[in-house]
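Single-structure report; data block below.
Values in this document were obtained by computation on a predicted structure and should not be read as measured data. Reminder, nothing fancy here: chain letters follow the sequence lines and each chain counts from 1. Heavy atoms only: backbone and side chains are in, while hydrogens, waters and symmetry mates are out.
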Protein chains: 2
Amino acid sequence: MRYSKQRKEILEIIKTTNSHPTADWIYERVRTQIPNISLGTVYRNLRQLVDNDLIHARTVNGMVHYDGNLGDHQHFYCTDCGILYDLDLSLEDFVSEITENLGHVIHECDLQFNGICNSCQQEQ
Amino acid sequence: MRYSKQRKEILEIIKTTNSHPTADWIYERVRTQIPNISLGTVYRNLRQLVDNDLIHARTVNGMVHYDGNLGDHQHFYCTDCGILYDLDLSLEDFVSEITENLGHVIHECDLQFNGICNSCQQEQ
DNA sequence: CAAGATAATAGTAATGATTACTATTATTTA
DNA sequence: TAAATAATAGTAATCATTACTATTATCTTG
């Protein structure tokens, strides 16, 4: 992977933003620095950066949000204002942390494990 | 909300399918019963059914999957074959249940809480 | 350091899932 | 049973994302 100034700028924006921006938001932002950058370049780089594990992608409400924080952490999504908050919690007491300490009201809990299932392992 | 034969058939399909189908899969399936049903009708009904909490929607890999199982449960997504398995686990011992009993290998854990955040509550 | 190899780019066209629109049809309820 | 209106089929439009192509920038190696 080569490092063009477009790629450097896109990575820099994601790394210094903790609001989990979308591709379009990143495009508008990077255009202030590189006015004639192509939207396709933004998408190509986002995919490249995710594939190389330099950033993470997360789909919320059908839109992909990018996250430069690679540390193991969870999220709280406000269904009213749409902000996706970072959470840094131990599994034992996350619920009380969210409701009592942070004051958010939980309506849904969205837990999913990704990996290779039993039957796919048999085939290898 | 009225109950047309299209709506009844779509709901029936989702309720009797545990493979978390997509809109397009449901469209192909319902067409065997109602050949001239419109794809728009399928989407309109899926939204309606989700809004009325008769089914749940879940986005995986940028595609919306529908779930007729309204009970509190978690999921395991195989990144190889793409099957989204149902899990019914207590939070304490879910990881050992998945790896030891079910034999799946976990690569990622995707945990998100949805609700109303502290600052949105202040505004009300 | 120069030059060839090739990865990345800008710009544009295409795709694919989903939504909007409109005239017509079906369901409801009084 | 008939008026009120929700839902439909069919089609066009939208919106995020991807594909394509000729050109440009980056990397590597002699």
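Counting non-hydrogen atoms of other residues, nucleotides and ligands closer than 6.0 Å to CG of B:Asn18 gives a total of 12 or fewer.
Across the protein-nucleic acid pair, A:Tyr27 atom OH and D:dT18 atom P stand 16 Å apart, rounded to whole Å. Across the protein-nucleic acid pair, A:Glu9 atom CD and D:dT26 atom C1' stand 18 Å apart, rounded to whole Å. If you measure from atom CG of A:Leu39 to atom P of D:dT18, you get 11 Å, rounded to the nearest angstrom. Rounding to whole angstrom units, CZ of residue B:Arg44 and P of D:dA9 are separated by 7 Å. B:Ile34 has its CD1 atom 13 Å from the P atom of C:dA26, to the nearest Å. The CG-C1' distance, from A:Asp24 to D:dA16, rounds to 9 Å in whole Å. For B:Tyr66 and C:dA17, the OH to P distance is 12 Å, given to the nearest whole Å. Computed from coordinates, the A:Asp51 CG to D:dT17 C1' distance equals 15 Å when rounded to whole Å.
Within the 4.0 Å cut-off from OP1 or OP2 of D:dT17, at least one side-chain nitrogen or oxygen of A:Tyr43 is found. OP1 and OP2 of C:dT6 both lie 4.0 Å or more from every side-chain N or O belonging to A:Arg2. Here B:Asn36 does not reach the OP1 or OP2 of D:dT8: none of its side-chain N or O atoms lies under 4.0 Å away. Phosphate proximity of C:dA26 to B:Gln6: absent, as no side-chain N or O sits under 4.0 Å from OP1 or OP2.
Residue B:Ile14 forms a side-chain contact (heavy atoms from CB on, under 4.5 Å) with just one option from B:Leu46, B:Asn45, B:Asp67, and that option is B:Leu46.
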(Q) Go through it in stages, so that I can follow the logic: the residues are A:Asn69 and A:His56, the test is side-chain hydrogen bond (donor to acceptor under 3.5 Å, both in side chains), and I'd like the CA-CA distance, side-chain angles, deciding distance and then a yes or no. (A) CA-CA 8 Å; A:Asn69 177 2; A:His56 285 165; over 6 Å; no
Q: Test B:Asn118 against A:His104 for side-chain hydrogen bond (donor to acceptor under 3.5 Å, both in side chains), laying out the working first.
A: CA-CA 5 Å; B:Asn118 196 296; A:His104 303 325; 5.3 Å; no
(Q) Set out, in order, the CA-CA distance, both residues' side-chain angles and the distance that settles salt bridge (charged side-chain N to carboxylate O under 4.0 Å, His left out) for A:Lys15 and A:Glu12, then state yes or no. (A) CA-CA 5 Å; A:Lys15 283 292 185 186; A:Glu12 172 71 13; over 6 Å; no
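Of the candidate nucleotides D:dT11, D:dC27, C:dA8, D:dT11 has the atom nearest to the side chain of B:Ser38. With distances taken from any side-chain atom of A:Met1 to the nucleotides C:dA10, C:dA8, D:dT8, the minimum falls on C:dA8. Distance from the side chain of A:Ser4 is smallest to C:dT9 among C:dT9, C:dA10, C:dT19. Closest contact between the side chain of A:Arg47 and the listed nucleotides C:dT9, D:dT8, D:dA19 involves D:dA19. Distances were taken from every side-chain heavy atom of A:Arg7 (C-beta onward) to each of C:dT9, D:dT8, D:dT17; the shortest belongs to C:dT9. If you check C:dA20, D:dA16, D:dT17 against the side chain of A:Val64, the one that comes closest is D:dT17.
Residue A:Gly40 is the one, among B:Gly40 and A:Gly40, whose nearest nucleotide of DNA chain C lies closer to the 5' end (criterion: closest heavy atom). Each of B:Thr22 and A:Lys5 was assigned the nucleotide of DNA chain C with the nearest heavy atom; the assignment lying further toward the 5' end belongs to A:Lys5.
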